[in-house]
There are 2 protein chains.
Amino acid sequence: MNDSRKSFKREAPDQRQDALIDATLSLIATGGPEAATVRNIALKAGVTQGLIRHYFSTKEDLIGAAYERHMTTMRYATYSTLERELPGAVARLGALVTASLSPPVTDPRAMALWAGFIQSVQRDTAMRAIHEKTYFQFRDQLQVLINEAFIEVGQPKDKMDLRKFAIACNAVLDGLWLEGSALPDTFETGELPAIGLASIGAILGIKLEV
Amino acid sequence: MNDSRKSFKREAPDQRQDALIDATLSLIATGGPEAATVRNIALKAGVTQGLIRHYFSTKEDLIGAAYERHMTTMRYATYSTLERELPGAVARLGALVTASLSPPVTDPRAMALWAGFIQSVQRDTAMRAIHEKTYFQFRDQLQVLINEAFIEVGQPKDKMDLRKFAIACNAVLDGLWLEGSALPDTFETGELPAIGLASIGAILGIKLEV
DNA sequence: TATGAAATTATACAAGTGTATAATAAGAAG
DNA sequence: CTTCTTATTATACACTTGTATAATTTCATA
């Protein structure tokens, strides 16, 4: 009858969900959370708006899923290179610092995304849970690396000290990442990784620079 | 005629403007940027919505003014105590670190505000300008303090080194401030200032703890 | 007390918001 | 080829948004 109705192709549920999350992230990165309207998301994902509700019972669900995916992606971008990094724990730690403070991790779009999400951590319990989860995942992974580095240089530390070191190093990374992402043009190439290596090296008392 | 019309009192323009900014900040802190609608702002400020446009030609203007005020307030809260802090440059630096990582600077509401604003730094040139301004103000002030501390301990540094130290120390403060504000319950009282003092002390090679 | 500038209210408007629901079409299963 | 599930489209709805503009009221000044 109505041949003006849009023809479509069924996709595997996972792929559609992914496409919707992709579209959401892309929109928030570019135009902030307010740009991620259901209509924009649907448009970008190449579907009509009604479909969103078929996969996510509410828009907040979709936003939450997008946040979790973004943080996981960032963590993966930071840690994935380390697995092939064999030389030793200290070298791996140095590589982590460099990776955390270089593109694509240090990136204005990623920061805009992160900021758009973090702002809702206070009042939205679901978002807070996701934040806590990803934050501790990252910090714990960092703590493992720090522990191994201390062992490697023959100065093992106890759990309490390790915790403090992990918090401090994580703060350095967060802070530098933030500065570099928010005002990328005010730092020379390689400046942030260099400062990160020197600072974390000083905090731990382990020389990280090559 | 129409006696249902709201009676009002003229206020000094500056005070009204302040009241509108206050209302804006309060709303963003509590409910995020999306809660800061012109109607909510007017309601909270005890005026009707049309008045906003009389003081700010657009809502973005108001948001920008609110951002600048918030950052200035935070900077003031961080630095104001230092003026009476006489003992010396190292002590002043230590006091700054402690102040930066304790209430009221470290505060979930302040963080929500900051995040709500920072997210628009990328795409809004006006907001970016405000961000750059306040960021450099803070970092430069920090650099002055670091310089004085180095001189006090008899190890003066050149400008380039000072810049790197300021960036690093600022990152530590930002990072710890962020962690403490986002997840206040996961740190013991005084833990963050202690970690901050130890870390910045290690980075500079100056003992800051008492 | 009368005048006038501008601070303030009131109202209207077009556009956009998230959500709900009914209609349709695709594609697998039989 | 037919049936049936459900992925997808289409449409409607009630509400909120920022802005524009006209109507009023306040208060300083003369």
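Numbers restart at 1 for each chain; the letters A, B, ... are given by sequence-line order, proteins then strands. Owing to the predicted nature of the structure, the values given are computational and were not obtained by experimental measurement.
Contacts of residues 15-30 of chain A with DNA chain C (heavy atom under 4.0 Å): none.
Picking from D/dT8, D/dT9, C/dT19 the nucleotide with the shortest atom distance to the side chain of A/T48 gives D/dT9. In the set D/dT19, C/dT9, C/dA7, D/dT19 carries the atom at the smallest distance from any side-chain atom of B/V38.
When rounded to the nearest whole Å, the span between CD of A/E11 and C1' of D/dT8 equals 12 Å. Here the P atom of nucleotide C/dT17 and the CD1 atom of A/I41 are 10 Å apart, to the nearest Å. Computed from coordinates, the B/E34 CD to D/dT17 P distance equals 10 Å when rounded to whole Å. Counting to the nearest Å, the C1' atom of C/dT17 and the CD1 atom of A/I63 are 13 Å from each other. Regarding A/K9, its NZ atom lies at a distance of 10 Å from the P atom of C/dA28, rounded to whole Å. Rounded to whole Å, atom P of C/dG18 lies 20 Å from atom NE2 of A/H54. Atom P of nucleotide C/dA25 and atom CZ of A/R5 are separated by 6 Å, given to the nearest angstrom. Whole-Å rounding puts the A/L43 CG to C/dT17 P distance at 12 Å.
Along DNA chain D, the nucleotide nearest B/T37 and the nucleotide nearest A/A12 are compared for position; the residue whose nucleotide lies closer to the 5' end is A/A12. Checking B/P13 against B/Q49, the closest nucleotide of DNA chain C that is more toward the 5' end is the one next to B/P13. Residues B/K59 and B/S7 each lie close to DNA chain D; by heavy-atom proximity, the contact nearer the 5' end of the strand is made by B/K59.
A donor-acceptor contact under 3.5 Å links the side chain of B/R10 to the base of C/dA6. At a cut-off of 3.5 angstrom, the base of D/dG18 holds at least one donor-acceptor pair with the side chain of B/R39. No hydrogens or angles were tested; on distance alone, nothing pairs the side chain of A/R53 with the base of C/dT19 as donor and acceptor under 3.5 Å.
Proximity of A/Q137 to A/M71: side-chain heavy atoms (C-beta onward) are nowhere separated by under 4.5 Å.
For B/R53, the salt bridge (Lys or Arg N to Asp or Glu O under 4.0 Å) test picks out no residue, with sequence neighbours left out.
If you take NE2 on A/H131 and CG on A/D124, they are separated by 13.0 Å, rounding to the nearest 0.5 Å.
Few gaps surround CD on A/E34; more than 12 heavy atoms of other groups in view lie less than 6.0 Å from it.
Between the side chain of A/S181 and the main chain of A/D107, a donor-acceptor pair closer than 3.5 Å is present.
A salt bridge links B/D18 to B/R69: at least one charged side-chain nitrogen sits closer than 4.0 Å to a carboxylate oxygen.
Contact detail for A/S120 and A/M127: the closest heavy-atom pair is OG-CE, 3.3 Å.
The phosphate of D/dG18 has neither OP1 nor OP2 within less than 4.0 Å of any side-chain N or O from B/T58.
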